[in-house]
Each structure stands twice: as structure tokens, then as C-alpha cells.
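In this chain, numbering begins with 1 at the start of the sequence shown.
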Amino acid sequence: MKKKAAIELSTTFLVGLILGIIMLGMGLTFLYNIVAGGSKILEYGIPDGCNAFAAECSQKAGQVCIYETSLKLYTGKGGPFCLVINNLVGEEKIFKIRVTPATGILKNGDTIPASDIDISKWTFEDYGDIEIANNEFVKQSLSMQVPRSTRPGQYVFNVNVCYAGSGTDTAKCGSGTYKTLYDSTHQITVIVP
């Protein structure tokens, strides 16, 4: 009888110990995510003032317009730029946005080459296909988020809008289906204090 009770007590103790370790691990993970903040890039909405800007861009027959080309963001925080694509090709087209790093200029004057800036930590690598009817425009949020290990300075990114057309600019549009550059390269700057 004593052996059976001892075995039951040992089994109960082991199960409780395992559950306690699992709960401790989950609690520490939860606490880490709160304190460190997730490194997941969030999708931000269209910034205030973008609606009026988009209508103005369309009236001026701009192909690609960016509302406020610089944004001050702290490490671990994010925010949106507003990109307007105005389809003036003459027919319905599918557009693709490509954001690539240009350079980083630290507060002490040192520069960071584009090859040292991991774009996947700053923004989405794929904004998806954007179908726009002829003579119509679309507003797109370009969500940027400053990685936690980023040093203070200014980080400049190239924004290219491409579509499947007759031209080929693989340097700016990549080697996929959308190889024709729609407008000149635009730049946005994230200022990290």
C-alpha cells in the first residue's frame, strides 16, 4: 500500500513539475515579447492628409507621388508613408512596389552601405500586386519599422513602381514579371533620433 501511494505521489509530482516548467517558459516568452517588442513589421494605415494629396497628385498627372518623404521614428517603432500610383499608361495595369535600401548616414557622419541594411527588417518585401484601371489612382501605405539594433541617423530607401510592359529595368524592378519602371526612382528617409 505504501509503495502504491509513493508511486502515485511521484507521478503527480512529475506531472506538476513538467506543467510548472511549461508555464514558466510561456510566461518568460510573454514577458520577453512585451519588454523587447516584437520584430514583426506591422501594417500601418494611410497617414492623415494623404487623401487630399492623392487627389492633387492625380490632377497634376503625376505618375507616382509620395506624401511626406521623411519620417522620424524611434527604434522598435514604425509608421507609414503614403504612396500614390496614378495609372496613365492608357490601359488597366498591375503594378508592383519595390523598396530597396539606398544608404544610411549616422549622426557621427559615417555612412552605411545599402548592402548592410536588411530591408526585410524595415518593411515588407512584397506589397502584392496592385491592379489599377486606366486613369485611376490608388493610395498605398508603405509601412516602415526601425529594427531595435539600429544606430541613430538617417536611412534612405529607394521606392520603385514597376509593371509588366515593354521596357526592362532589372536593376530597379528585379527579374520578375514586372520589369518596366513606371516612373523615376523616388526616395524616402527614416530619421532615427
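Between Val138 and Val84 the shortest side-chain heavy-atom distance does not fall below 4.5 Å. Looking at Val146 and Val190, their side chains come closer than 4.5 Å, going by heavy atoms from C-beta outward. For the pair Arg151/Asn108, no side-chain contact is recorded, criterion being any heavy-atom separation below 4.5 Å from C-beta on. Contact of the Val192 side chain with the Leu73 side chain is not registered, since no non-hydrogen atoms from C-beta on lie closer than 4.5 Å. Two residues are said to be in side-chain contact when any heavy atoms from C-beta on lie closer than 4.5 Å; Thr170 and Thr168 meet this criterion. No side-chain heavy atom of Asn87 sits under 4.5 Å from any side-chain heavy atom of Glu136. Residues Thr185 and Lys172 meet the side-chain proximity criterion, which asks for heavy atoms closer than 4.5 Å.
Considering OG1 of Thr150 and CD of Gln145, their distance stands at 10.0 Å, rounded to 0.5 Å. Distance check, rounded to the nearest 0.5 Å: OG of Ser141 to OH of Tyr44 gives 9.5 Å. A distance of 9.0 Å separates CD1 in Ile66 from SG in Cys82, rounded to the nearest 0.5 Å. In this structure, His186 NE2 and Cys65 SG are separated by 7.0 Å, a value rounded to the nearest 0.5 Å. For the atom pair CD1 (Ile22) and CG (Leu17), the distance works out to 10.0 Å, reported to the nearest 0.5 Å. Rounded to the nearest 0.5 Å, atoms CD (Glu92) and CG (Asn134) are 9.0 Å apart.
Residue-environment remark: CG (Asp48) stays at or below the threshold of 12 foreign heavy atoms within 6.0 Å.
With hydrogens and angles disregarded, no donor-acceptor distance shorter than 3.5 Å links the side chain of Arg98 to the backbone of Val159. The backbone N or O of Cys162 sits nowhere less than 3.5 Å from a side-chain atom of Thr180 that would complete a donor-acceptor pair. Asn51 places no side-chain N or O within 3.5 Å of a backbone atom of Ala55 that could act as its donor or acceptor partner. Of the possible donor and acceptor atoms, none in the side chain of Tyr155 sits under 3.5 Å from a partner among the backbone N and O of Trp122. Between the Asn86 side chain and the Gly62 main chain, a donor and an acceptor come within less than 3.5 Å of each other. At least one donor-acceptor pair closer than 3.5 Å links the side chain of Thr103 to the backbone N or O of Ile112. Judged by distance alone, with hydrogens and angles left aside, the side-chain atoms of Lys179 form no donor-acceptor pair with the main-chain N or O of Tyr163 at under 3.5 Å.
Take Lys96 and apply the side chain to side chain donor-acceptor pair (under 3.5 Å) test, not counting sequence neighbours, and it matches Asp126, Asp129.
Both Leu71 and Val99 are part of a single hydrophobic cluster, where members link through side-chain heavy atoms under 4.5 Å apart. A continuous path of ILVMFWY side-chain contacts below 4.5 Å connects Ile132 to Val64, so both sit in one hydrophobic cluster. Residues Met26 and Ile18 are members of one and the same hydrophobic cluster, defined by side-chain heavy-atom contacts under 4.5 angstrom among Ile, Leu, Val, Met, Phe, Trp and Tyr. Both Phe124 and Phe81 are assigned to one and the same hydrophobic cluster, defined by single-linkage of ILVMFWY side chains at heavy-atom distances under 4.5 Å. One hydrophobic cluster, built from ILVMFWY side chains closer than 4.5 Å, cannot hold both Phe137 and Ile46; they sit in different ones.
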message: Between Thr100 and Phe157, is the side-chain contact (heavy atoms from CB on, under 4.5 Å) condition met? List the steps.
response: CA-CA 6 Å; Thr100 56; Phe157 298 89; over 6 Å; no

task: Kindly determine whether Thr111 and Leu106 satisfy side-chain contact (heavy atoms from CB on, under 4.5 Å), including the steps that lead there.
output: CA-CA 6 Å; Thr111 59; Leu106 299 178; over 6 Å; no

query: Do Val161 and Tyr127 pass the side-chain contact (heavy atoms from CB on, under 4.5 Å) test, and can you show the C-alpha distance, the side-chain angles, and the key distance before you say yes or no?
result: CA-CA 11 Å; Val161 176; Tyr127 277 93; over 6 Å; no

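Note on ring orientation: taking the six-membered ring where Trp is involved, the planes of Tyr67 and Phe53 are tilted (angle from 30° to 60°).
Under the side chain to side chain contact (heavy atoms under 4.5 Å, CB included) test applied with Ile130, the options Leu83, Ile94, Ile97 reduce to a single match, Ile97.
Nearest approach of Pro193 to Tyr74, heavy atoms of both residues: CG-CE2, 3.1 Å. Gln187 approaches Thr69 most closely through the heavy-atom pair O-CB, 3.7 Å. Nearest heavy atoms, Ile191 versus Ser70: CD1-CB, 4.3 Å.
Here Tyr182 and Phe95 bring their ring centres to under 6.0 angstrom of each other.
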